[in-house]
Engineer: 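Here's a structure for you.
Worth knowing before you read on, the calculation uses all heavy atoms, side chains too, and leaves out hydrogens, waters and symmetry mates. By convention in this document, chain letters (A, B, ...) are assigned in the order of the sequence lines, proteins followed by strands, and residues within each chain are numbered from 1.
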Amino acid sequence: MSLKTLTKPWAATSYGFLDASAKREMRRKILKAIAVPGCQMPYASREVPMARGWGTGGLQVTLTLVNPRSVVKVIDQGADDGVNAASIRRFISRVSQAEETWDTLAASIVQSRHRIPEETMTKDQILVLQVPNPEPLRGVEPNISIARQMHADADYGKLWLTLYEQLVKAGRIMQGAAYPSLVNGRHVMTPSPIPRWDVPKLNMARHLTILSAGREKRLFAVPPHTRVEPLVFSDRPYLVEDHARLVCERSGIAGYFMNEIPQDDGSSTFEVSDSNLGIKAIRASEGAPAEIGETWYRNGKFAQ
Amino acid sequence: MSLETNPRPLLPPQLVQTSPIVTMRDVGRRYGEVVALRHVDVTVYPGEVLGIVGESGSGKSTLLRMMNLEDAPDTGDYRLRLPGRDDGNLFALERYQQRMLRARHIGIVYQNPHLGLLMKHSSSGNVAERLLIAGERSFDVLRSKAREALDASEFPLSRMDHRPADLSGGMQQRVQLAKAIALEPALLLLDEPTTGLDVSIQALVLDTLKRLQRERRITMVLVSHDLGVIRTMADRVMVMRRGSVVEQGLADQVFQDPQHAYTQQLVHAKL
Ligand SMILES: Nc1ncnc2c1ncn2[C@@H]1O[C@H](COP(=O)(O)OP(=O)(O)O)[C@@H](O)[C@H]1O
Ligand SMILES: [Mg+2]
């Protein structure tokens, strides 16, 4: 007797794995989240065959949105070929017959952990971000009920205060990833641990972004053409990571967010973090057909 | 209190022509069986110091909390005259509107610094938070306004980024004061601001308050159970007992010639 004989075949589960009532709840919460941009909506968060904290929030959103005509890209820190990204992608396609892709341009749904692809997403695409901690106020207010009340009152004084104190103590704001941002002038959200580099991509974007935390059971959204403004002081500009002039060791492209690869001699080399962009650049340089789309950053500068 | 039982002028001569900045009418508040406030009327004139005295439990802090829009009364009407706006009855506003109004126009100093301060944030940050809530977004302006308010409160600037938790009681009250005056409030509420401090420190803090009052003509409502404090600070006095106002008038008159038996008892006990 093996595990295989004990478990039901996939065909016996609902389409897209989640049962109809779970998906109905997700759809309702997604619609609510779109209606109130940046506002966290609680949801039941079902069991999926993956441990909480490994992207179950994003997965439940994707499983709700997916259909047999979907084309799904899944990335982990920008890479399509990580074990986690690959198994999520394979699981989604197995339970939905959706097509798998590595190409941002081809995808209808991009599920991602901690990065937004470099190629500009369009109105026909949905970005699903996996969120470990959805509460931007957690650091200033551990009590969830009080934090909810603070959101309701747009009471962000304490959050601003922590930024003020970082500037006083360190001369700069220490927040690297997950930079708190004001959505549609009303709710502050954490954009999930994407680098500062990626936050401007959410501002007035053409695509819909849904951010979902499976363990914390909350999701929120940034609809297309919605303002997303990092909390910054008027006289201390928002700075993205200093990657504009770094060159990718493997593909030779520059002006994108890079992964740092430490070398034995203490120096570092860099590889473009959006790995499929790197692959396409290599192909293009070898004369193979590869379509690189418009990118948010051009020559290291954000181009709106 | 009607004029029949208290036929004395209620206002110093310079205030007779001015219209009040605060008008509270018929404020009532119960906590279960306890009637904390009973049909209380309060009028405050611009630039004056209104002292509120009364024994412990007489409703002074409850009244101040109402003035600060921290707590809602069961009955009553509260108007605050601010230049260029009319908010109507403040008790009827939405909570976020009350919060904004409080942040911009009302300052408060509590006896207990834990109520007024974030103990684990810096002192300057405590002041800055007030400005941040009111919408200030320039770091340099925050810094300079926090410094200015702390300086005006005679707080040593070398310690402006220390945490209140690491400061003495007197210094904590100065941080509360700086936070309260940072936005030049229309109304400064002081709930036993020096109670619990050493007598010498208490005198220094009162001196600072007096100086601020003299230089900036800040309208103050000062609550204390200590007649001495009220006497050195207040232009007018309101005496409270068991949730009601039993007597009010010019400070000198109330102290020299108390009408109500309870006030007489208070004044004579003190002398
Ligand atoms: N939050 C509360 N819950 C229950 N009772 C309260 C509350 N606040 C005040 N009281 C009661 O109301 C009365 C007036 O209290 P308070 O305004 O604090 O008096 P004072 O400041 O003059 O000492 C007291 O009997 C007190 O116990
Ligand atoms: Mg009290």
Engineer: Any idea which heavy atoms bring A/Gly157 and B/Leu132 closest together, and the distance?
Structural biologist: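 The answer is O-CD1, 4.2 Å.
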Engineer: Determine which pairs satisfy salt bridge (Lys or Arg N to Asp or Glu O under 4.0 Å) with at least one residue from residues 121-139 of chain B, sequence neighbours left out, and list them in order.
Structural biologist: B/Glu129-B/Lys179
Engineer: Please look at B/Asp140 and chain A and tell me whether the side chain, the backbone, both or neither of the residue comes under 4.5 angstrom of a heavy atom of that chain.
Structural biologist: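 Both parts, backbone and side chain.
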Engineer: Can any side-chain N or O of A/Asp235 pair as donor or acceptor with the backbone N or O of B/Phe139 at less than 3.5 Å?
Structural biologist: yes
Engineer: Please rank B/Leu142, B/Leu131, B/Val141, B/Asn126 by heavy-atom pairs under 4.5 Å with chain A and give me the top one.
Structural biologist: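 Top option by heavy-atom pairs under 4.5 Å: B/Leu142.
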Engineer: Please name the pair of heavy atoms, one in B/Ser138 and one in A/Ser234, separated by the smallest distance, quoted to 0.1 Å.
Structural biologist: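 Shortest heavy-atom contact: CA-OG, 3.3 Å.
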Engineer: Tell me the residues of residues 160-187 of chain A whose non-hydrogen atoms fall below 4.5 Å from those of chain B, in number order.
Structural biologist: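 Against chain B, the residues of residues 160-187 of chain A that fall inside the cut-off (heavy atoms, under 4.5 Å) are A/Trp160, A/Leu161, A/Thr162, A/Tyr164, A/Glu165, A/Leu167, A/Val168.
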Engineer: Is the count of non-hydrogen atoms from other residues, nucleotides or ligands lying under 6.0 Å from A/Arg148 atom CZ greater than 12?
Structural biologist: no
Engineer: In this structure, are over 12 heavy atoms from other groups packed under 6.0 Å from B/Glu184 atom CD?
Structural biologist: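 Open: at most 12 neighbouring heavy atoms sit under 6.0 Å from CD of B/Glu184.
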Engineer: Please rank A/Leu231, A/Asp153, A/Val232 by heavy-atom pairs under 4.5 Å with chain B and give me the top one.
Structural biologist: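 Greatest number of close heavy-atom pairs with chain B: A/Asp153.
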Engineer: If you count the non-hydrogen atoms of other residues, nucleotides and ligands that lie under 6.0 Å from CZ in B/Arg159, is the total more than 12?
Structural biologist: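 12 or below, so no.
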